[in-house]
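To keep things clear, I will list the structure first and then write my remarks on it.
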2 protein chains.
Amino acid sequence: MGKYNVKQEVTDKFSLRGRVFHKIREDILSGKYKDNEELKEVAIGDELGVSRTPVREAFRQLELEGLIHIIPNKGAYVTGITVKDVKDIYMMRSLLEGLCAKWATENITKEQLEEMEENVYLAEFHAAKGNTQQLAELDNRFHEIMYEACNSKMLEKQLRDFHDYVLRVRKKTLSQNQRSTASNKEHKFIFEAIKSGDPAKAEEEATKHVLSAYENIVKNGLHEAYGSDE
Amino acid sequence: MGKYNVKQEVTDKFSLRGRVFHKIREDILSGKYKDNEELKEVAIGDELGVSRTPVREAFRQLELEGLIHIIPNKGAYVTGITVKDVKDIYMMRSLLEGLCAKWATENITKEQLEEMEENVYLAEFHAAKGNTQQLAELDNRFHEIMYEACNSKMLEKQLRDFHDYVLRVRKKTLSQNQRSTASNKEHKFIFEAIKSGDPAKAEEEATKHVLSAYENIVKNGLHEAYGSDE
DNA sequence: CTACGTATAATTGTATACACTTATACGTAG
DNA sequence: CTACGTATAAGTGTATACAATTATACGTAG
């Protein structure tokens with residue numbers, strides 16, 4: 001990966017296909033399309049004012065993301081995302097973010113470490129002022145820095161995917177002030193472990209960080225946004 | 001997921017698009033297309049005797065799998081898979097297979113447990129006879145059973161993806177007899193932990209299992225199949 | 001000889017047309 | 001009334017046509 005290419009979006013948001021992809025994705029995650037609902041190429045194309053071609057290409061991508069499943073010659077059906085899915089992802093993430101923090105400790109550059117430090121202290125400031133928007137961005141960025149610092153293209157991609165997947169949930173939980181201050185504190189612990197060059201500690205703190213986000217989610221239900229499945 | 005739908009392939013192998021997808025994927029993983037090589041829609045279409053449409057759809061999927069990256073209005077470029085990528089995946093897998101074994105212990109059905117037991121003992125038999133083909137299939141199936149048993153759609157999909165990704169490597173390492181017998185023994189340990197209802201033990205054994213496969217790979221180089229990147 | 005700009009070619013993006021498969025409606029036999 | 005079969009409609013799969021963008025070649029000014 002690299003210095004340029006600041007944020008390589010897998011799907012360009014400006015092409016028709018990209019817009020269609022993001023729109024459908026959003027509509028599935030937001031619950032507009034219900035579980036098992038059939039998505040028809042022409043209907044969606046008409047709605048967005050495009051032909052079937054970009055819609056079909058978007059479908060192929062959504063299928064690989066697991067948001068829809070396509071039965072050949074039949075149709076595309078929404079797979080949706082349940083409460084259990086989100087929880088499972090958090091458990092998987094807790095392990096992989098741990099690994100990421102460990103590797104980041106061993107590979108982080110001076111610049112990345114500095115940005116991380118800045119991020120942590122800036123977040124403290126915005127938390128005090130109760131600015132949720134900035135906090136969400138800083139939180140995003142903190143994890144992004146770790147992903148970049150771990151020096152593993154595969155792990156980076158994986159965690160980005162997860163991160164994206166549960167983005168809606170994260171936005172919601174971070175808007176609760178108590179969680180965001182706790183989250184900041186945990187970021188600080190991770191940062192300090194990385195700075196002191198202690199991979200095992202960094203791993204432990206990052207794992208704990210995701211787990212406590214998970215606990216928070218479990219406590220607060222998240223029933224409205226997703227179908228309950230258990 | 002379910003009783004029916006024994007093996008839901010994400011991309012149907014019989015449609016043109018599916019065939020194109022698998023062909024290009026294979027060609028990238030086998031090294032036919034070099035790193036950063038540009039893939040042109042018409043060229044590939046002509047080679048496979050199809051039009052651009054299925055090729056384009058296959059490209060979109062390959063992009064999401066991370067095997068190629070597409071620059072809008074420019075082209076599709078091979079991302080390839082390096083030795084480090086494979087190693088990183090093994091590290092990630094070791095954690096997630098551990099989690100999978102833990103969850104499988106808590107959710108496995110009687111039938112799945114029976115099939116697993118049968119699998120382990122059958123593998124012992126074929127190992128003694130040195131039948132590598134059957135061994136590879138049994139190994140695949142052992143992990144498949146765990147994926148199904150863990151009762152997590154998300155984790156199942158993730159591990160299948162990883163599994164697929166490094167399939168070529170696994171085939172190769174399993175053809176070495178000493179590794180395959182060691183692998184069998186480890187499967188047996190995992191199975192016994194699951195059967196005895198000890199999630200922590202199952203997790204530990206599954207993690208160790210993937211790690212030892214990783215060690216084996218590191219020892220044996222795997223230089224020929226993939227570009228070295230470190 | 002180099003640098004720049006324009007014309008041309010090559011390639012991707014999107015829309016449309018046609019082929020093929022699957023679903024639906026309706027009529028008829030029993 | 002039900003079961004079956006055929007005709008029709010709807011929808012996906014693929015190919016092709018056209019538009020937009022990017023790369024290349026070549027000529028000209030300096």
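Chain A is the first sequence line, chain B the second, and so forth, proteins listed ahead of strands; every chain is numbered from 1. When reading the values below, keep in mind they use all heavy atoms of this one structure, side chains included, and skip hydrogens, waters and symmetry mates. Remember, it's a predicted structure, so these values are computed and weren't measured experimentally.
In terms of phosphate contacts, Ser51(B) brings a side-chain nitrogen or oxygen within less than 4.0 Å of OP1 or OP2 of dA15(D). Distances shown here put a side-chain N or O of Arg56(B) below 4.0 Å from the OP1 or OP2 atom of dG13(C). In this structure, Arg60(A) reaches the dG13(D) phosphate: one of its side-chain N or O atoms is under 4.0 Å from OP1 or OP2.
Salt bridge status for Lys23(B) with Asp27(B): present, with a side-chain N to carboxylate O gap under 4.0 Å. Of the charged side-chain nitrogens involved, at least one lies within less than 4.0 Å of a carboxylate oxygen, so that Arg141(B) and Glu148(B) count as a salt-bridged pair. Note on Glu106(B) versus Lys102(B): no salt bridge recorded, every NZ/NE/NH1/NH2 to OD/OE distance being 4.0 Å or above. A salt bridge links Asp88(A) with Lys84(A): at least one charged nitrogen is closer than 4.0 Å to a carboxylate oxygen.
In this structure, Ile71(A) reaches neither bases nor backbone, as no heavy-atom distance under 4.0 Å exists between it and the strands shown.
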Next item on the list: Represent DNA chain C in dot-bracket notation, 5' to 3'. Only Watson-Crick or G-U wobble pairs with both distances under 3.5 Å count; pseudoknot-style crossings use [ ] and interstrand partners use |.
Entry: ||||||||||||||||||||||||||||||
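Rounded to whole Å, atom C1' of dA17(C) lies 10 Å from atom CZ of Arg52(A). Going from atom CD of Glu41(B) over to atom C1' of dG13(C) covers 9 Å, rounded to whole Å.
Proximity note for Lys40(B) (side chain, C-beta onward) versus dT11(C), dG13(C), dT14(D): the nearest is dT11(C). Residue Thr53(A) places its side chain closer to dT14(C) than to any other of dT14(D), dG13(C), dT14(C). The side chain of Val50(A) approaches dA15(C) more closely than any other nucleotide in the set dA15(C), dT12(C), dT14(D).
With hydrogens and angles left out, the side-chain atoms of Tyr33(B) and Glu38(B) include no donor and acceptor closer than 3.5 Å. When only modelled atom types and interatomic distance are considered, His163(B) and Glu144(B) share no side-chain donor-acceptor pair under 3.5 Å. Donor-acceptor pairing under 3.5 Å is recorded for the side chains of Glu137(B) and Gln133(B).
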Checklist line | Contact state string [nucleotides 20-25 of chain C, B base, S sugar-phosphate only, - no protein heavy atom under 4.0 Å] | finding: -SSS--
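Note: His209(B) and His187(B) have perpendicular aromatic rings, judged against thresholds of 30 and 60 degrees for the angle between ring planes.
With hydrogens and angles ignored, the 3.5 Å screen pairs no side-chain donor or acceptor of Asn131(A) with any backbone N or O of His126(A).
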